[in-house]
Amino acid sequence: MGVKHALLDVTPLRRSAPFRRLWLGQALSRLGGQMTLVAVMFQVWQTTHSTVWTGAVGLAQAVPLIVLGLFAGSVVDRVDRRKFYLITTAGQAGCVSLLALQGLIGQFPTAAVLLLVAVQSCFTAGSGPVSRTFIPRLLPEQQRAAGLALNRISFQGAMLAGPVIGGLILGLLGVGGCYLIDALTFAAAFYGAFGLPRMSPGDEPARPGLRGVADGLAFLVRTPVIRGALLTDLATTVLSMPISLFPQVNAERFGDNPRTLGLFLTAVALGGVAASLFAGSFTRLSRPGLVMLAGSATWGAALALFGLSADPWAGLAFLALAGAADTVSVVSRTTLVQLHTPDELLGRVSAAEQIVGQAGPDLGNLRGGLVADATSGTTALVSGGLLCIGAVALVGTTTPGLRWFSAPSPRGAAAGQ
């Protein structure tokens, strides 16, 4: 029984047909999205041979999410969410179809490709927050953590397998074929979307424009648990994001071996997948805030130990531990946010969570790069990990609701049934 309860809880897939269809559709669509990201990077590099242009791909994705996110979240809280999700999914599918067309008949100028990426990200700014509002409508409270863990493993599976599959398809069919396969995966996304029930905004829809955005921000500020959860996420990403440091640390500590460098991200992803497979070990716990704080502190400690490790295998083990801790923290944080947010505000709060999740890692990679440039990769990693632990401890100390909040128990619910 102990092993059974430690494994990923698939009860939401068994008991909710709409959630099952949505999960399958999003899993395939996420896989296609990762393939397209590889294809875009490859096409831009082949056209320009410039790291400035390849770096601009990330900018084209991030800026619309950050600029439009809160406004999109306000719209989510005013309209039928199912219909809005269908519209934004159709917009994403249209952009990928245009990418496929240009790849098959003759490639667009690089600026036009980046414009398509940016337009697709505009639709993502809406589809991301609205899709986060579905689990509270489709699953009872005691199954939300399990549903979020299932979403997390589909995301990580796409991150792990998508680039590999994308690279293979690029070699066989070129960029046009890779984009086309992603466009076809949107059929699965539509399959999941059409299976959703109608989701009206509720009795108190958001006020239009800036007033609705201001209402959402005011709720974030006056709700300590949600504010603390988002601050914890910022502490882990802004202070200790390690991705930009990997090449320098590999050169400083591991002889600049490209095979070792390639394993760094893989180790983080594998750790995250392993934690998702055994998500029952933490989603069934009654205090998600305490679990989130522990996971975030473990992330910082693991990265500091990676920075101090001279042995490549020990370093990879610490990165895998960091990936596992990140999954524990993300699932627990989102559970907290959803349990503390009224349905009429969930679109705006989810948009804020998406912005934090997008901007935090970008700022963290910038911070790490600046510190490493002034000192060393090892110093940047160790100092970032220690700062992360300190910041998480500060948030936990000043926000007692994070430590003491008790979530509904899946076991208790099951016994009641």
Inset, instruction - Taking salt bridge (charged side-chain N to carboxylate O under 4.0 Å, His left out) as the test, write out the residues that go with Asp233, two or more places apart. - result: Arg333
Inset, instruction - Examine distances only and state if a side-chain atom of Thr399 and a backbone atom of Gly396 form a donor-acceptor pair shorter than 3.5 Å. - result: no
Inset, instruction - Evaluate whether atom CE of Met159 has more than 12 neighbouring non-hydrogen atoms of other residues, nucleotides or ligands under 6.0 angstrom away. - result: no
Inset, instruction - Side-chain contact test, heavy atoms from C-beta onward, threshold under 4.5 Å: evaluate it for Arg81 versus Val130 and give yes or no. - result: yes
Inset, instruction - Check whether any side-chain heavy atom of Trp299 lies under 4.5 Å from a side-chain heavy atom of Pro242, and answer yes or no. - result: yes
Legend entry - Backbone N/O of Gly128 and side chain of Ser131: donor-acceptor pair under 3.5 Å: yes
Inset, instruction - Please examine the side chains of Thr283 and Thr335, heavy atoms only from C-beta on, and report whether any two atoms are closer than 4.5 Å. - result: no
Inset, instruction - Indicate the atoms forming the closest heavy-atom contact of Gln43 with Val113, along with that distance. - result: NE2-CG2, 3.4 Å
Inset, instruction - Output every pair passing ring pair (Phe, Tyr, Trp, His ring centres under 6.0 Å) with a member in residues 323-351, not counting sequence neighbours, ordered by first then second residue. - result: His340-Phe405
Legend entry - Nearest-0.5 Å distance that lies between atom CG in Asp343 and atom CD in Gln338: 10.0 Å
Legend entry - Arg198: salt bridge (charged side-chain N to carboxylate O under 4.0 Å, His left out) partners, not counting sequence neighbours: Asp80
Inset, instruction - State, with a plain yes or no, whether a side-chain heavy atom of Leu150 is found less than 4.5 Å away from one of Leu13. - result: yes
Legend entry - Ile389 CD1 to Leu394 CG distance, which is reported to the nearest 0.5 Å: 14.0 Å
Inset, instruction - Indicate yes or no: at least one non-hydrogen side-chain atom of Phe264 is less than 4.5 angstrom from one of Asn250. - result: yes
Inset, instruction - Would you tell me whether Glu353 and Gln358 have side-chain atoms, one donor and one acceptor, within less than 3.5 Å of each other? - result: no
Inset, instruction - Compare every heavy atom of Gly368 with every heavy atom of Leu245, then report the nearest pair and how far apart it is. - result: CD2-O, 3.1 Å
Legend entry - Least distance between heavy atoms, Pro163 atom then Gln34 atom: CD-CB, 4.2 Å
Inset, instruction - Go through the steps for Met241 and Asn365 under the test side chain to side chain contact (heavy atoms under 4.5 Å, CB included), then give the verdict. - result: CA-CA 6 Å; Met241 200 66 189; Asn365 282 318; 3.6 Å; yes
Inset, instruction - Check step by step if side chain to side chain contact (heavy atoms under 4.5 Å, CB included) holds for Leu386 and Leu239. - result: CA-CA 9 Å; Leu386 295 176; Leu239 297 177; over 6 Å; no
Inset, instruction - Sequence neighbours left out, what passes salt bridge (charged side-chain N to carboxylate O under 4.0 Å, His left out) with Asp215? Give chain and number order. - result: Arg207
Legend entry - Arg137 and Pro197, any side-chain heavy atoms less than 4.5 Å apart: no
Legend entry - Donor-acceptor under 3.5 Å (Arg348 side chain, Gly212 main chain): yes
Legend entry - Minimum heavy-atom distance Val38-Gly166, with the two atoms named: CG1-C, 4.5 Å
Review item, side-chain donor-acceptor pairs of residues 116-124, under 3.5 Å, at least two apart:
unit_1, atom_1, unit_2, atom_2, d
Ser121, OG, Gln61, O, 2.5
Thr124, OG1, Gln92, NE2, 2.9
Thr124, OG1, Gln120, O, 3.0

Inset, instruction - Check whether any side-chain heavy atom of Phe155 lies under 4.5 Å from a side-chain heavy atom of Arg152, and answer yes or no. - result: yes
Legend entry - Nearest-0.5 Å distance, CD1 of residue Ile226 to OG1 of residue Thr341: 3.0 Å
Inset, instruction - To the nearest 0.5 Å, tell me how far Ser276 OG sits from Gln156 CD. - result: 4.0 Å
Legend entry - Atom pair OG1 (Thr223) and CG (Leu336), whose distance is rounded to the nearest 0.5 Å: 12.5 Å
Legend entry - Ser296: partners by side chain to side chain contact (heavy atoms under 4.5 Å, CB included), with sequence neighbours left out: Thr232, Thr236, Met292, Ser329, Val392
Legend entry - Arg21 to Gly195 - nearest heavy-atom pair and separation: NH2-O, 3.1 Å
Legend entry - Closest heavy-atom pair and its distance - Ala27, Ser154: CB-CB, 3.9 Å
Legend entry - Leu170, Thr47, Leu37 screened by side chain to side chain contact (heavy atoms under 4.5 Å, CB included) with Phe42, the one that passes: Leu170
Inset, instruction - Assess whether side chain to side chain contact (heavy atoms under 4.5 Å, CB included) is satisfied between Leu319 and Leu303, documenting all intermediate values. - result: CA-CA 7 Å; Leu319 287 177; Leu303 291 176; 4.0 Å; yes
Legend entry - Non-hydrogen side-chain atoms of Arg82 and Phe194 separated by less than 4.5 Å: yes
Inset, instruction - For the pair Asp362 and Arg367, find out whether any cationic side-chain nitrogen is under 4.0 Å from an anionic carboxylate oxygen. - result: no
Inset, instruction - Indicate whether the side chain of Asp182 and that of Thr185 have a donor and an acceptor atom separated by less than 3.5 Å. - result: yes
Legend entry - Under 3.5 Å donor-acceptor, Asp77 side chain and Gly347 backbone: yes
Inset, instruction - Mind checking the OG-CZ spacing from Ser240 to Phe306? Nearest 0.5 Å is all I need. - result: 13.0 Å
Inset, instruction - Could you give me the CA-CA distance, side-chain angles and deciding distance for Phe134 and Met199, then say whether side chain to side chain contact (heavy atoms under 4.5 Å, CB included) is met? - result: CA-CA 9 Å; Phe134 294 154; Met199 297 187 183; 3.3 Å; yes
